[in-house]
Amino acid sequence: MNDLIIIVTGSLVAICCGILGCFLILRKMAMVSDAISHAVLPGIVIAFMLGSDLDSIWMLVGAGLVGVFTTFLIEFFHRQGKLQTDASIGVTFTWLFAIGVIMVSYYAGDAHIDQDCVLYGEIAYVPIDPIITDSGSVLGPKALIVLSIVLLVILAVILPFYKEFFLTSFDPAYAAAIGISATIWHYLLMSLVSITTVASFESVGAILVVAFLIVPPATAYLITTRLHHMIGLSCVFGILAAILGYYIAYWIDGSIAGAMATVAGLNFGFVFGWTQIKKARPVTSPPISQD
Amino acid sequence: MIEQVQNPALEIHDLTVSYDKKPVLWGIDLSVPKGAIAGIVGPNGAGKSTLIKSVMGLVPLSSGYVKIFDEELNTVRKRVSYVPQRESVDWDFPASVLDVVMMGRYSKVGLMRRLRKADLEAARYALQQVGMEKFEKRQISQLSGGQQQRVFLARALTQQADIYFMDEPFAGVDAATEKAIIQLLKEMASQGKTVIVVHHDLQSVATYFDWIIMLNLRLVASGPTEKAFSQELLEETYGGKLTLLTEVGELMKKGQYPTREKQ
Amino acid sequence: MKEVFIEFFGMQNPNVRYVVLGSVLLSISSAIVGCFTFLKKKALVGDVVSHAVLPGICLSFIVTGTKDPFMLIIGAFITGWLSILVMDYIVQNSKIKEDTATGLALSVFFGIGILLLTVIQHSGNAAQSGLDSFLFGKAAALIGKDLLAFGLIAIVILATVFLFYKEFKLICFDPDYAEAIGVPVKKMEMLLTSITVMAVVTGIQAVGVVLMAAMLITPAAAARFWSDRLSFMLVLASIFAALSGVSGAFISYTTPSMPTGPWIVMVLSLIAVFSFFFAPGKGIIIKLLKRRKIQMQLLEENLLKSFYKIGEITEDFKAARSNAELKEVRRFSSGQFREGLNRLAKQGFIKRNNGTWSLTAEGLQKGRRVVRLHRLWELYLTKYLRIAPDHVHEDAETIEHVITPELEARLEKLLEYPDEDPHSSNIPYN
Ligand SMILES: Nc1ncnc2c1ncn2[C@@H]1O[C@H](COP(=O)(O)OP(=O)(O)OP(=O)(O)O)[C@@H](O)[C@H]1O
Ligand SMILES: [Mg+2]
């Protein structure tokens with residue numbers, strides 16, 4: 001039973017991240033997601049101090065705001081300070097993360113977050129942390145429920161506005177010209193990424209959220225030609241990584257999240273290698289037929 | 001030679017556009033009649049793309065205004081179409097030719113709505129018009145540069161707009177296709193649509209366009225091709241560098257002077 | 001407080017000495033390397049490497065079975081390097097873009113590292129404890145041996161930069177040119193990458209995986225606001241880094257619960273933010289001040305111009321004018337109006353006679369110049385830009401304040417010292 005819960009949790013993270021990650025890498029914002037995943041730390045600590053729980057809705061809302069704030073700060077340094085984007089990302093997230101760590105040290109003892117958890121989470125604890133209603137009945141593991149809600153939110157945003165996300169990712173100038181403002185969709189996406197990060201935080205940790213956000217979509221990107229295929233395939237790769245990762249971790253007694261990221265990486269390696277071989281082999285029929 | 005027309009499709013009034021306070025277009029004043037195929041010519045860096053972007057509201061104006069069919073851009077947006085320079089997007093994007101062409105229908109369909117059968121038909125028809133119907137399923141990275149350009153053109157056509165702005169639509173397109181497309185544009189113009197095209201090939205200007213806009217930081221000419229397209233004005237557009245103007249521009253950037261004083 | 005200060009900076013306590021010297025050495029060597037990666041627009045490479053050393057450390061431990069720092073560092077060095085190679089290979093051989101490759105290498109290497117680390121930890125091997133200091137850093141627990149390592153590496157880095165300064169500079173600013181004049185670009189880049197990895201591998205023990213990126217990027221970014229020159233940038237970045245190294249050590253010395261690494265980064269970031277606002281030239285506040293100065297210039301010149309214009313009508317330039325008369329020529333907000341007149345009076349361009357104002361000789365000359373520039377520019381616009389005479393006024397309103405005496409002379413010559421502007425107003429010369 002616990003196996004199943006962990007695998008399902010991992011898969012939920014994989015699906016949330018797989019969907020969002022596709023848009024992120026197509027918008028060339030992969031590293032912004034990395035920045036957000038670190039920068040939410042002070043937000044989480046503040047929410048903690050204000051007495052909310054790590055899984056509460058307020059935490060998610062707060063995380064959304066912090067994510068947007070991070071994005072905004074990165075753009076502010078970039079635009080106003082004429083700082084190149086990569087440096088702007090680096091300066092911003094390390095600063096916010098340092099603030100977060102300092103806060104954690106300051107409130108050490110009160111807060112049940114430590115650096116380990118921030119960095120690589122502990123998905124193995126998911127089953128032992130159930131939500132219990134006032135009447136006393138067990139609803140199920142917290143992380144599982146929160147992640148399901150997050151997934152629903154993501155679907156509720158992406159599905160109806162799929163074509164807007166599609167267009168603004170591909171050609172923001174044309175989108176603006178026909179009256180679809182890229183800015184709104186940009187910030188909406190960033191808030192979704194932050195919410196996902198926080199929801200996945202406890203189970204897989206900041207850096208492995210990034211692995212799920214970037215690696216399966218990048219793998220799918222190599223071998224697909226339509227966006228919706230890419231999204232679907234990256235979810236599949238993500239779930240694959242979650243399942244295999246779990247068993248590998250179980251087998252060699254290591255971090256589950258670490259194993260999931262490793263599998264995702266191996267998966268990328270295979271697909272990448274395969275595309276390389278295909279490319280190297282002499283082509284019998286030209287890829288672009290002249291019709 | 002700057003000719004203004006009554007009841008124009010496009011009117012640009014006293015337009016100055018700056019990047020970081022340095023003007024790259026100075027005091028542009030022009031109008032283009034309805035039903036014209038207008039060419040914008042000028043050397044690299046003359047501000048042709050900037051002119052189109054400012055008309056489309058993609059860069060802020062330092063002064064002046066733009067009117068399309070005597071209205072603000074926002075009120076007539078649905079009647080306006082735009083073909084950006086091909087290099088402005090990443091062609092590795094996982095999208096098929098049809099996906100891209102369908103984007104032209106997004107503003108018609110509206111938020112949260114799905115594309116309808118009619119939109120698909122319109123997209124297919126536009127692909128036919130540019131001779132790309134056989135490629136509709138192909139991924140856009142597997143097209144040649146000229147074919148990509150045609151996809152962009154088809155996307156604009158599906159919008160069924162009344163005025164089209166095209167930034168170098170013929171870059172990388174072979175001569176035969178270029179002729180076919182110009183024929184198409186002429187047909188559209190005869191139906192009263194207005195087409196404004198950034199163009200680099202001076203040889204074909206006289207045959208393609210009935211209106212010509214010559215640009216180089218400032219407007220050198222805007223008028224009917226037979227009147228405005230003269231050797232003298234061409235030399236002025238391509239030869240005459242206004243060093244004084246450039247230097248003043250640099251000074252404005254250095255001192256961050258406002259382009260217009262607020263009263 | 002004072003005692004603590006003396007105690008700390010007296011450095012009698014060897015522990016304090018180690019921590020301070022270690023932090024400073026580490027900060028400086030990272031900052032110097034960081035300047036180059038920053039200028040190569042590869043700032044985030046440091047982030048990748050710092051995540052990628054973890055598997056190397058673990059593998060090295062698994063293979064050798066000891067925590068010999070030397071062995072660990074070699075392992076770290078190898079996987080750090082590997083991550084960069086992998087990243088470059090992916091970008092060059094597929095459609096994947098640089099940012100994605102960066103995030104990919106970073107998270108996968110780190111994932112593998114975490115997996116190995118937890119496997120080691122769960123294996124019950126007692127020797128493993130302390131390996132995770134590579135994750136979070138242990139600046140406050142630096143000992144003599146660490147210091148030796150930092151010192152050595154700092155020297156190697158500094159010497160390398162010193163020896164190959166010219167080459168590094170070239171490959172940052174213009175690799176094509178460097179190639180053309182026979183600089184071995186590939187080799188130089190490998191060298192630069194090697195010292196980057198080296199700086200990361202050592203630095204990570206002090207500040208941890210995540211914050212290592214800041215040690216490379218932030219000093220460079222801060223220094224960039226102050227200078228365009230590489231040499232100056234390197235010096236400044238080192239100073240900033242040293243300063244934050246000392247402050248970080250000091251803060252965690254006075255408040256032992258406070259971690260050194262994050263405080264170093266905190267101070268660094270504050271320096272960067274300060275530079276962002278206050279650095280001369282590029283700082284935001286400085287820009288605002290400059291804008292205000294320009295506004296004042298515009299205001300003063302517009303007032304003088306008003307005096308001159310009234311003078312033109314009445315053919316008497318130096319007569320006293322009332323506020324009402326001046327405001328008739330041009331609208332000013334009343335606050336600005338008063339401020340501008342007072343400033344002009346103070347600068348000696350106008351005289352105050354009870355309730356009215358009159359131009360001095362200098363004021364007259366200046367007012368006349370503004371009017372002249374305005375009309376010359378209008379003429380220039382109509383003649384050379386073919387702008388209709390009824391559209392040139394607005395533009396000239398700005399440019400009259402921008403033109404320098406040198407440009408003025410050229411403008412006059414170009415237009416052949418004209419007498420009249422497009423509206424047939426007289427162009428006044430001295
Ligand atoms: N985003 C920008 N920021 C700063 N300067 C810019 C920007 N875009 C364009 N410029 C500058 O503005 C000027 C006009 O550029 P623009 O792209 O409009 O030229 P163009 O006429 O379209 O040239 P081409 O024929 O090469 O397409 C150039 O000097 C260019 O350097
Ligand atoms: Mg252009």
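Protein chains get the first letters and strands the later ones, always in sequence-line order, with residue 1 at the start of each. Computed from a predicted structure; not experimentally measured.
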Heavy-atom proximity to chain A below 4.5 Å, by part of C:K42: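 Interface part for C:K42: backbone (N, CA, C, O).
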
Separation of A:L222 CG from C:K95 NZ (nearest 0.5 Å): 7.0 Å

Per-residue contact mode, C:K97 against chain A (heavy atom under 4.5 angstrom):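 Interface part for C:K97: side chain.
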
Contact origin within C:F276 toward chain A - heavy atom pairs under 4.5 Å: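 Contact with chain A involves the side chain of C:F276 alone.
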
Chain A contact via C:I284 - side chain, backbone, both or neither, heavy atoms under 4.5 Å: side chain

Under 4.5 Å from any heavy atom of chain A - which part of C:I90: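 Both backbone and side chain of C:I90 come within 4.5 Å of chain A.
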
Among the listed options A:L266, A:T262, A:V91, A:D253, the residue most often paired with chain C at heavy-atom distances under 4.5 Å: A:D253

Interatomic spacing from OG in C:S252 to CD1 in A:I102 - rounded to 0.5 Å: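 One gets 10.5 Å once the value is rounded to the nearest 0.5 Å.
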
Proximal component of C:F225, with respect to chain A [non-hydrogen, under 4.5 Å]: side chain

Option in A:G265, A:G245, A:A259, A:A261 with maximal non-hydrogen atom pairs under 4.5 Å from chain C: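 Counting heavy-atom pairs under 4.5 Å, the top option is A:A259.
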
Side-chain touch A:W95/C:T218, heavy atoms, less than 4.5 angstrom: no

Spatial distance of atom CD1 (A:I99) from atom CH2 (C:W263) [nearest 0.5 Å]: 9.0 Å

With A:D86, the side chain to side chain contact (heavy atoms under 4.5 Å, CB included) member among C:T37, C:L44, C:I217: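 Passing option: C:L44.
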
Contact class of C:V86 relative to chain A, heavy atoms under 4.5 angstrom: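 Contact with chain A is absent: no heavy atom of C:V86 under 4.5 Å.
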
A:F268 vs C:I96 side-chain heavy atoms within contact, under 4.5 Å: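 A side-chain contact under 4.5 Å exists here.
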
C:F277 vs A:Q80 side-chain heavy atoms within contact, under 4.5 Å: no

Interface moiety of C:D47 toward chain A, non-hydrogen atoms closer than 4.5 Å: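 Just the side chain, heavy atoms under 4.5 Å.
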
Spacing of A:I214 atom CD1 and C:D99 atom CG [to the nearest 0.5 Å]: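 Going from CD1 on A:I214 over to CG on C:D99, the span is 7.5 Å.
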
